[in-house]
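Please see the structure below; I have some questions.
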Amino acid sequence: MRIHNAEIAAIFNKLADLLEIQGENPFRIRAYRNATRILVDMPEDVANLLEKGADLTKITGIGADLANKIKTIVTTGELPLLNETAAHVPPLLSQLMQIEGLGPKRVQRLYKELYIHNMIDLKRAIKQGTIQKLPGFGVKIAQRIQEGVKYLSERPRRFKLADTIPVADYLLSYLKKHKDIKIAECAGSFRRRKETVGDLDILVISNENVSVVDYFVKFEEVVAVISKGMTRSTVRLRSGLQVDLRVVAPASYGAALLYFTGSKAHNLRLRKIAIGKKLKINEYGIFKGKKYIAGKTEKDVYKQIGLSYIEPELREERGEIEAAQRGKLPELISLNDIRGDLHCHTHATDGKDSLEAMAKAAAELGYDYIAITDHSHSLTVAHGLDSQGLQQQINKIDQLNQKLKNIVILKSCEVDILEDGSLDLPNSILHQLDMTICSIHSRFNLSQKKQTERIIRAMDNPYFNILAHPTGRLLDRREPYAVDIAKIMQAAKERGCILEINAQLARMDLDDVHCKMAKELRLPLVISTDAHSTSQLRYMCFGVYQARRGWLEKKDVINTHSVSKLKKLLQRNR
DNA sequence: GCCGTTTTCGGCCCGACTGTTTTCAGTCG
């Protein structure tokens with residue numbers, strides 16, 4: 001049984017919670033939390049790396065002790081220290097830390113004074129009204145805990161980025177109506193374009209902070225004001241989304257935007273670098289002693305500590321600071337670089353719109369080409385095409401291409417990869433296409449070895465071009481199927497195949513970490529929308545965000561090429 | 001628990017808001 005990084009991370013995170021409740025050294029706890037972030041951000045399972053004999057202490061943040069603990073978890077599936085700690089602190093106490101307003105100190109007190117071991121005990125204590133009688137607690141904190149418990153069971157954990165955009169736009173337009181607001185913009189993970197957003201962070205530039213905060217909490221969608229001070233406030237909206245507002249003066253714009261954009265790990269590094277230069281960074285600026293030396297723009301702050309400007313999408317402490325120091329930051333791809341969409345469906349299978357409508361919509365987006373990739377016949381739920389159906393579509397596209405002047409329709413198909421790794425349409429029809437995309441829509445639960453072999457065998461077919469949605473994950477709904485992505489990428493590279501970044505909102509597959517992994521391997525990727533209607537062609541921006549988070553440049557993505565260069569690339573070596 | 005261009009020991013980012021206090025601890029980002 002292979003242990004995945006997320007499982008090791010969960011063990012360290014739980015250990016950190018319990019140690020925190022015990023009142024352990026905060027820096028030791030930080031080391032464990034830092035390790036969880038490192039593990040989650042790694043493109044490959046450490047179990048794999050250990051098998052290859054890698055030295056984990058080479059990773060910054062992992063010392064001899066943590067490396068040993070990781071090894072123990074990988075070989076035995078558990079960590080003795082966690083079990084020992086759990087003997088002193090009830091392990092389910094870590095759940096209580098997820099409640100808003102409950103940190104380690106209060107959880108410890110609930111445990112020691114009221115013998116609360118878990119969520120059930122807590123709910124009982126709330127009902128009995130015993131919490132407010134604890135020294136240091138009081139009525140308001142008890143009330144906040146009660147609301148926190150309720151909210152924890154109701155709220156979605158994170159929101160998809162796309163779902164938060166209309167809310168953010170509406171809130172920003174509301175804020176901008178205030179006469180004293182010069183600038184209002186989103187920071188946080190929203191600005192870093194993470195695929196999911198935990199809460200919305202909004203920065204406002206104004207000299208009239210008090211009236212701005214007052215105005216903010218009156219926004220029509222606010223259902224609860226969690227905190228409200230002179231310069232910041234937190235509210236909860238009808239949708240369950242939490243919004244943090246911060247107001248600063250113009251001189252602090254850059255420093256505040258930097259601070260509020262994060263990530264936390266990125267900011268920590270910046271602040272440490274500043275300390276090394278006898279400087280101090282906070283949300284008001286960068287200071288030498290008490291003297292303000294910069295802070296109007298983010299660029300100014302970076303410059304003071306010897307770094308070039310780092311794009312928000314890169315600020316995850318995944319090597320961007322070292323790259324900035326060496327002047328080796330990537331020039332990130334942008335939506336304007338995209339010249340076509342290579343994955344979309346029509347009403348011939350499970351799409352909503354016609355071939356003509358899709359082509360016209362793509363032309364309106366300024367694209368040079370669009371590939372029509374309706375499903376093949378194994379996907380019966382989508383009424384997939386058999387050879388005959390595909391032949392009819394090919395003929396239709398040929399006719400349409402004669403007529404169309406401003407766009408080229410590429411003949412294609414989303415071909416199912418069968419369990420044995422064969423494709424479910426014969427090469428006799430595939431050779432008539434400009435390209436194929438191939439994907440897994442069945443037997444998700446094969447072992448990692450079998451699933452990986454299945455895909456690589458499919459790639460052996462010379463008509464295999466693009467592996468669509470390579471891990472099959474659906475955000476919040478389905479875990480990725482077990483595949484050795486490193487092996488798949490290597491095999492794709494050797495065979496001239498390409499991996500997709502699928503921009504369907506629930507997919508976003510590959511993810512950012514895998515994009516970066518592909519880039520390092522020099523494996524080309526494609527960004528596609530998998531549009532099932534003309535309107536979904538607009539999802540392209542989300543794929544581009546993901547690509548930017550994965551450090552991709554124009555040259556790394558094949559649908560930035562002209563149609564002739566693209567066609568050449570899709571020829572493989574056949 | 002990690003780390004080292006002041007350090008192998010002694011540091012480890014920094015500030016706002018709240019509630020329960022009478023000057024500050026706890027939580028959060």
Side-chain angles (χ1 to χ4, degrees), chain A residues 12 15-16 19-21 23-38 56-70 81 96-110 131-145 148 187-190 197-203 209-210 213 217 225-235 242-248 252 255-256 258-287 301 305-306 317 325:
Chain A
F12 284 155
L15 178 61
L19 291 175
E20 216 175 359
I21 293 167
E24 251 287 348
N25 174 4
F27 298 104
R28 186 181 171 210
I29 290 152
R30 182 190 287 178
Y32 283 116
R33 298 229 192 265
N34 190 37
T36 66
R37 187 190 58 80
I38 291 168
L56 300 183
T57 63
K58 291 254 161 65
I59 303 167
T60 310
I62 306 291
D65 181 88
L66 278 171
N68 269 331
K69 288 194 166 94
I70 292 171
L81 179 62
L96 305 187
M97 298 261 289
Q98 290 168 23
I99 297 165
E100 256 180 38
L102 270 189
K105 296 285 159 54
R106 286 179 187 151
V107 169
Q108 184 189 50
R109 182 151 271 180
L110 289 171
I131 292 174
Q132 67 201 58
K133 291 175 198 147
L134 273 181
F137 272 65
V139 181
K140 290 218 169 153
I141 288 178
Q143 209 169 15
R144 180 145 188 225
I145 294 171
S189 51
F190 182 95
V197 171
D199 59 12
L200 217 50
D201 299 298
I202 293 188
L203 176 69
N209 42 355
V210 175
V213 175
V217 299
V225 178
I226 295 163
S227 77
K228 176 171 172 287
M230 302 276 284
T231 65
R232 69 183 303 167
S233 170
T234 301
V235 298
Q242 192 166 299
V243 186
D244 294 332
L245 176 90
R246 184 75 201 248
V247 192
V248 299
S252 300
L258 191 61
Y259 154 75
F260 224 29
T261 298
S263 66
K264 196 173 177 169
H266 179 85
N267 285 347
L268 273 172
R269 272 295 299 282
L270 297 186
R271 288 177 180 204
K272 266 191 209 163
I273 292 171
I275 290 169
K277 296 182 185 292
K278 308 254 185 237
L279 298 170
K280 181 180 79 170
I281 297 176
N282 59 27
E283 58 264 54
Y284 298 109
I286 180 160
F287 296 84
V301 179
I305 53 171
E317 171 66 331
Q325 282 166 336

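Since the model is a prediction, treat every value here as computed from it, not as a measurement. The sequence lines fix the lettering, A, B, ..., with proteins before strands; numbering per chain opens at 1.
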Taking atom C1' in both B:dC24 and B:dT20, what distance in whole Å separates the two?
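Pairwise C1' distance, B:dC24 against B:dT20, rounds to 9 Å.
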
Without decimals, in angstroms, what is the distance between A:Arg30 CZ and B:dC3 C1'?
13 Å

Scan A:Thr234 against the nucleic acid and name what it touches under 4.0 Å (heavy atoms): base, sugar-phosphate only, or nothing.
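Here A:Thr234 touches no strand at all.
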
Determine the contact category for A:Val139: base if any of its heavy atoms lies under 4.0 Å from a base atom, sugar-phosphate if only primed atoms, P, OP1 or OP2 are that close, otherwise nothing.
sugar-phosphate

Between residues 270-277 of chain A and DNA chain B, which residues have a heavy-atom gap below 4.0 Å?
A:Arg271, A:Lys272, A:Ile275

What is the separation between atom OH on A:Tyr259 and atom P on B:dG15, rounded to the nearest whole Å?
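Whole-Å distance recorded here is 10 Å.
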
Which part of the nucleic acid, if any, lies within contact of A:Arg246, taking any heavy atom under 4.0 Å across all strands shown: a base, the sugar-phosphate backbone alone, or nothing?
sugar-phosphate

Tell me, do A:Asp244 and A:Phe260 make a side-chain contact under 4.5 Å, heavy atoms counted?
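Heavy-atom side-chain distance check passes, below 4.5 Å.
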
Nearest to side-chain heavy atoms of A:Asp201, which nucleotide of B:dG29, B:dG19, B:dG1:
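Within the option list, the nearest is B:dG29.
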
Spacing of the C1' atoms in B:dA16 and B:dG11 (rounded, Å)
25 Å

Separation of A:Ile145 atom CD1 from B:dT27 atom C1', in whole Å?
12 Å

Using the P atom as the point on both nucleotides, what is the distance between B:dC28 and B:dT23, in whole Å?
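B:dT23 and B:dC28 have their P atoms separated by 25 Å.
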
Whole angstrom is fine here: how far is it from CD in A:Gln98 over to P in B:dG29?
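Result: 13 Å.
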
Could you please spell out the steps behind the side-chain contact (heavy atoms from CB on, under 4.5 Å) verdict for A:Tyr259 and A:Leu203?
CA-CA 10 Å; A:Tyr259 154 75; A:Leu203 176 69; over 6 Å; no

Walk me through it: do A:Tyr32 and A:Leu66 pass the test side-chain contact (heavy atoms from CB on, under 4.5 Å)?
CA-CA 8 Å; A:Tyr32 283 116; A:Leu66 278 171; 3.6 Å; yes

Please classify the nucleic acid contact of A:Lys280 as base, sugar-phosphate, or nothing, using heavy-atom distances under 4.0 Å.
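A:Lys280: backbone/sugar contact only, no base atoms under 4.0 Å.
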
Hey, could you give me the CZ/CD1 distance between A:Arg106 and A:Ile145, rounded to the nearest 0.5 Å?
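Atom-to-atom, A:Arg106:CZ and A:Ile145:CD1 are 7.0 Å apart.
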
Sugar-phosphate, base or nothing in reach of A:Glu20, heavy atoms under 4.0 Å:
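No contact.
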
Spacing between A:Phe287 atom CZ and B:dG15 atom C1', to the nearest angstrom:
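Roughly 11 Å, once rounded to whole Å.
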
Remember a base hit wins even if backbone is also touched, and classify A:Pro104 as base, sugar-phosphate or nothing at under 4.0 Å, heavy atoms.
sugar-phosphate

Distance check needed: B:dT18 C1' versus A:Leu102 CG, whole Å only.
14 Å

Is A:Lys264 close enough to B:dC28 that one of its side-chain N or O atoms is under 4.0 Å from OP1 or OP2 there?
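Indeed not, no polar side-chain atom of A:Lys264 lies that close.
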
Does A:Ile305 form a side-chain contact (heavy atoms from CB on, under 4.5 Å) with A:Ile281? I'd like the steps, not just the answer.
CA-CA 10 Å; A:Ile305 53 171; A:Ile281 297 176; 4.2 Å; yes

Quote, to the nearest angstrom, the P distance that separates B:dT5 from B:dG1.
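Approximately 23 Å lies between the P atom of B:dT5 and that of B:dG1.
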
No-H, no-angle donor-acceptor pair, A:Asn34 side chain to B:dG1 base, under 3.5 Å:
no

Is it true that a side-chain atom of A:Asn209 and a backbone atom of A:Thr231 form a donor plus acceptor pair closer than 3.5 Å?
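Side chain of A:Asn209 to backbone of A:Thr231: no pair is present.
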
Answer with base, sugar-phosphate or nothing: what part of the nucleic acid does A:Ile141 contact at a heavy-atom distance below 4.0 Å?
sugar-phosphate

Identified pairing partner of B:dT8, criterion: Watson-Crick or G-U wobble below 3.5 Å:
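Here B:dT8 is not engaged in any pair, so there is no nucleotide opposite it.
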
Look at the side chain of A:Ser233 and the backbone N and O of A:Ser227, then say whether any donor-acceptor pair between them is shorter than 3.5 Å.
yes

Heavy-atom nearest nucleotide on DNA chain B taken for A:Arg106 and for A:Leu279; more 5' hit belongs to A:Leu279

Listed nucleotide nearest any side-chain atom of A:Met230, set B:dG15, B:dG29, B:dC17:
B:dC17

Which part of the nucleic acid does A:Asp244 contact within heavy-atom distance under 4.0 Å: base, sugar-phosphate only, or nothing?
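It contacts sugar-phosphate atoms only.
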
With respect to the side chain of A:Arg232, which nucleotide from B:dG15, B:dG1, B:dT20 is positioned closest?
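When the side chain of A:Arg232 is considered, B:dG15 is the closest of B:dG15, B:dG1, B:dT20.
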
Quick one, A:Leu268 with A:Glu317, criterion side-chain contact (heavy atoms from CB on, under 4.5 Å). Give me CA distance, side-chain angles, the key distance, then yes/no.
CA-CA 9 Å; A:Leu268 273 172; A:Glu317 171 66 331; over 6 Å; no

For A:Leu15, answer base if it contacts any base atom (sugar-phosphate contacts may also be present), sugar-phosphate if it contacts only those atoms, and nothing otherwise; contact means non-hydrogen atoms under 4.0 Å.
nothing

Between B:dT21 and B:dA25, how many Å separate the two C1' atoms, rounded to a whole number?
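It comes out at 9 Å once rounded to the nearest Å.
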
It should be established whether A:Thr231 places a side-chain nitrogen or oxygen under 4.0 Å from OP1 or OP2 of nucleotide B:dC17.
yes

Please check the phosphate of B:dT27 (OP1 and OP2 only) for any side-chain N or O of A:Arg144 closer than 4.0 Å.
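No, no such contact exists.
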
Span that lies between the C1' atom of B:dC2 and that of B:dC13, in whole angstrom
16 Å

Is the phosphate of B:dG19, meaning OP1 or OP2, less than 4.0 Å from a side-chain N or O of A:Gln143?
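No, because none of the side-chain N or O atoms of A:Gln143 sits under 4.0 Å from OP1 or OP2 of B:dG19.
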
Determine yes or no for a side-chain-to-main-chain donor-acceptor pair under 3.5 angstrom, with A:Ser263 supplying the side chain and A:His266 the backbone.
yes

Under-4.0 Å salt bridge between A:Glu20 and A:Arg33:
yes

Given B:dG1, B:dT20, B:dG29, the nucleotide with the shortest approach to the side chain of A:Lys69
B:dG1

In whole Å, I'd like the distance from the CD atom of A:Gln132 to the P atom of B:dT21.
13 Å

Rounded distance in Å - CG (A:Leu268) to C1' (B:dG29):
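So the CG-C1' distance, A:Leu268 to B:dG29, works out to 11 Å.
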
Select base, sugar-phosphate, or nothing to describe what A:Tyr284 touches, counting heavy atoms under 4.0 Å on all strands.
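Counting heavy atoms under 4.0 Å across all strands, the contact made by A:Tyr284 is with sugar-phosphate only.
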
Using heavy-atom distances to pick each residue's nearest nucleotide on DNA chain B, tell me which of A:Asn282 and A:Ile62 is more 5'.
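Whichever sits nearer the 5' end wins; that is A:Ile62.
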
